[in-house]
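In what follows, a single structure is set out as structure tokens and then discussed.
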Amino acid sequence: MSDIQLHIQHLRETIEQHNHNYYVLSQPTISDYEFDMLLKELQDLENQNPEFFDPLSPTQRVGNDINKQFTQVKHIYPMLSLGNTYNEGEVNDFYQRVAKNLNEPFELVCELKYDGTSVSLIYEKGVLVRAVTRGDGVQGDDITENVKTIRSIPLRLQGSNFPEKFELRGEILMPWNVFEQLNKEREQQGEQLFANPRNAASGTIKLQNSAEVARRKLDSYLYYFLGKELPTDGHFENLQYLKKWGFKISDAIEKCKTIEQVFDFLKKWNEERKNLPVATDGVVIKVNSIKQQNILGFTAKSPRWAIAYKFQAEKACTRLNSISYQVGRTGAITPVANLDPVQLSGTIVKRASLHNADIIESLDLHIGDMVFVEKGGEIIPKITAVDKTARILIGDKVAFIKKCPECGAELVRYEGEAAHYCPNETHCPPQQKGKIEHFVSRKAMNIEGLGSETISLLYDNNLLKNIADIYDLKVPDLAQLERLGVKSALNIKHSCEESRNVPFERLLFALGIRFVGETTAKKIAFAFQNIDKIIEAKEDDLLKVDEVGIRIAKSVVNYFQQEENLQIIERLRFYGLQMSLSEEKLAERTDKLAGISIVISGTFSKHSREEYKELIERNGGKNVGSVSAKTNFILAGENMGPAKLEKAQKLGVKIINEDDFLQMIS
Ligand code: IVH
């Protein structure tokens with residue numbers, strides 16, 4: 001081995017040891033700066049010596065920007081779930097069942113039930129070879145590249161004597177602090193918030209861009225060791241081996257000989273879990289001996305040797321003082337209950353969401369009522385019930401407002417929607433701010449530096465009232481704003497300049513016409529090709545566009561009937577934004593697939609699924625999600641879904657491969 005190679009190897013081992021110290025043991029021995037320097041040194045050496053590339057190098061944990069489809073992988077052992085219990089009585093029933101079926105002494109292990117998304121890891125000869133999601137329990141998605149970015153999951157095991165091949169199951173988690181930070185960023189970007197860390201973790205692990213996964217700092221706990229040659233007969237003892245080999249195994253675990261010890265564990269962790277950095281939603285109780293587990297076996301859905309005890313959602317009772325109504329960016333009205341402050345899950349709750357008028361009605365809420373608030377998996381508490389026995393003097397029954405609290409417009413309720421809306425899109429302040437936030441967001445005009453707080457500040461200072469004003473912003477005006485400064489002001493201006501090149505279809509989406517999402521905007525843009533034709537379009541013309549129904553058609557016509565919107569469009573035109581499809585985009589369009597419905601299934605080698613979708617649309621075809629009698633053909637890659645295949649055969653739908661397809665449109 002050359003000196004360079006030895007040095008590279010030494011650096012890799014040192015860095016992985018520091019990863020372990022930091023992410024598994026929570027005991028870093030060097031500073032973040034020193035760590036970054038080591039990583040940089042390794043990165044430089046690897047760049048200079050590409051022949052020593054190693055997919056398991058710590059430099060590979062940062063992910064990459066290549067978008068990929070996930071391949072479906074069949075699980076070696078199906079991934080089952082656990083039976084749930086909600087009280088000590090049901091836990092006792094489980095204990096008695098086990099005792100009866102085993103008819104010999106046994107030990108139980110109590111551990112926390114982590115509330116994330118489950119993963120199966122396969123190790124061969126001490127290295128991570130595959131990570132798969134639970135999927136439908138029989139097969140899941142291959143998420144190895146994403147899982148490699150999780151620093152608490154070893155890519156290469158420490159120590160020795162591990163089985164040649166084994167599987168491990170565990171939970172991928174997003175720690176509370178990462179979750180809160182991520183939601184804060186999403187709020188500033190005008191993106192939808194994650195309701196809880198579980199959704200955030202499962203959404204993140206299925207991202208197609210592993211660099212973004214790496215940025216989101218996921219964590220893990222492993223709790224289930226499977227394989228033919230496990231080190232001992234004890235589940236608890238086996239987990240300790242895993243710990244020695246570098247895995248993150250929770251210390252919140254106890255072996256119990258009696259049901260009383262189990263109850264003590266439940267009681268203890270029902271409180272202490274509140275201090276943990278990650279979400280838990282219960283305790284899992286397992287029979288320790290693997291031999292005994294095998295004797296007990298499985299039902300069709302879950303093991304007979306384990307059960308989950310779910311923590312009760314924490315509840316508090318407090319007084320309802322009043323209701324306020326918030327107007328969202330889309331004009332949706334959210335009723336919020338103002339409460340006497342009360343302690344709940346470690347925080348003081350003063351407000352709770354009431355969702356909509358139907359929920360208020362079904363609770364039969366009166367001002368002054370004593371109400372129960374609960375924090376489920378969600379961060380915002382909700383009112384779940386009224387303590388009617390506590391009603392001494394009945395206050396006014398809560399009646400939903402009729403007018404917008406921000407602008408006074410009469411509220412409307414669209415058919416089929418639970419929410420009330422303020423229809424005054426052009427003059428209601430939160431809606432105007434919301435429209436601007438949408439306009440600058442990443443998938444729209446992608447203007448950087450204008451977060452929701454800055455937009456709000458500019459709006460309140462009368463510098464920014466609508467989307468066209470963005471292009472009139474002056475650097476000195478921006479720079480004098482609190483927290484901004486000259487550098488940020490220049491960056492914002494620069495980003496505005498760049499946005500003039502954003503293609504027409506994205507501009508159409510950015511306008512924020514109600515019900516016109518990204519895809520619809522694209523379809524309308526391609527059908528009409530420039531803004532003037534869209535302005536002139538009648539409902540009937542719009543209805544001819546694929547996926548445009550009456551609700552969208554009406555909304556588009558209505559948008560372009562408003563004089564103010566037309567003025568905004570004229571100003572955007574004047575500032576040089578793209579008001580028609582580019583020549584290249586037009587040249588790419590054909591009618592080769594006009595009137596043809598195509599289902600895409602499986603994974604492909606020449607283009608990604610997204611690219612095939614784009615190709616279908618560009619050639620005038622229609623990409624549909626499920627096979628029906630109207631489907632003209634299926635574009636099938638590898639591992640086509642079995643259900644789709646069966647249906648296609650039944651309906652006699654033709655199946656073509658990627659080469660056939662590319663030939664068709666060539
Ligand atoms: S053991 C045969 N242990 O809960 C199933 N599961 O409802 C063995 N979970 O799918 C699973 N913490 O995603 C086990 N300490 C723990 C767990 C745990 C969380 C999840 C897991 C599983 C689900 C079952």
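We count ligands from 1, going down the list as the structure has it; atoms in each ligand are counted the same way.
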Hey, which atoms in ligand 1 end up nearer than 4.0 Å to a heavy atom of [X]?
| X | value |
| --- | --- |
| Pro303 | 2 (C) |
| Ser118 | 13 (O) |
| Glu111 | 3 (N), 15 (N), 16 (C) |

Self-check item: Glu164/Lys125 salt bridge by N-O under 4.0 Å criterion
Solution: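 Salt bridge: yes.
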
Quiz item: Does a side-chain N-to-carboxylate-O contact under 4.0 Å join Glu111 and Lys286?
Solution: yes

Contact partition for [X] relative to ligand 1, non-hydrogen atoms under 4.0 Å:
| X | result |
| --- | --- |
| Leu112 | backbone |
| Leu82 | both |
| Met79 | neither |

What protein heavy atom sits nearest [atom], and how far away is it?
| atom | result |
| --- | --- |
| atom 23 (C) of ligand 1 | Lys113 NZ, 4.1 Å |
| atom 13 (O) of ligand 1 | Glu171 OE1, 2.8 Å |
| atom 3 (N) of ligand 1 | Lys286 NZ, 3.0 Å |
| atom 5 (C) of ligand 1 | Leu80 O, 3.7 Å |

Practice problem: Compute the centroid of each ring, for Tyr241 and then for Phe247, and state whether the two points are separated by less than 6.0 Å. | Solution: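 For Tyr241 and Phe247, the ring centres are not under 6.0 Å apart.
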
Practice problem: Please check if the distance between the ring centroids of Tyr95 and Phe106 is under 6.0 Å. | Solution: yes

Self-check item: Option whose closest heavy atom lies nearest to atom 21 (C) of ligand 1, chosen from Tyr77, Tyr114, Tyr223
Solution: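 Considering heavy atoms of Tyr77, Tyr114, Tyr223, the nearest to atom 21 (C) of ligand 1 sits in Tyr223.
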
Exercise. Answer yes or no on whether Arg186 is positioned over the face of Phe194, meaning its NZ or CZ is under 6.0 Å from the six-membered ring centre and within 45° of the axis.
Key: yes

Practice problem: Please name all residues satisfying side-chain contact (heavy atoms from CB on, under 4.5 Å) with Asp219, sequence neighbours left out, ordered by chain then number. | Solution: Ser152, Pro175, Lys248

Exercise. Would you please classify the geometry between the Tyr123 ring and the Phe166 ring as parallel, tilted or perpendicular, with 30° and 60° separating the classes?
Key: parallel

Self-check item: Residues in ring-ring contact (aromatic ring centres under 6.0 Å, His included) contact with Tyr23, at least two apart in sequence or another chain
Solution: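 If we apply the ring-ring contact (aromatic ring centres under 6.0 Å, His included) test to Tyr23, skipping adjacent residues, there are no hits.
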
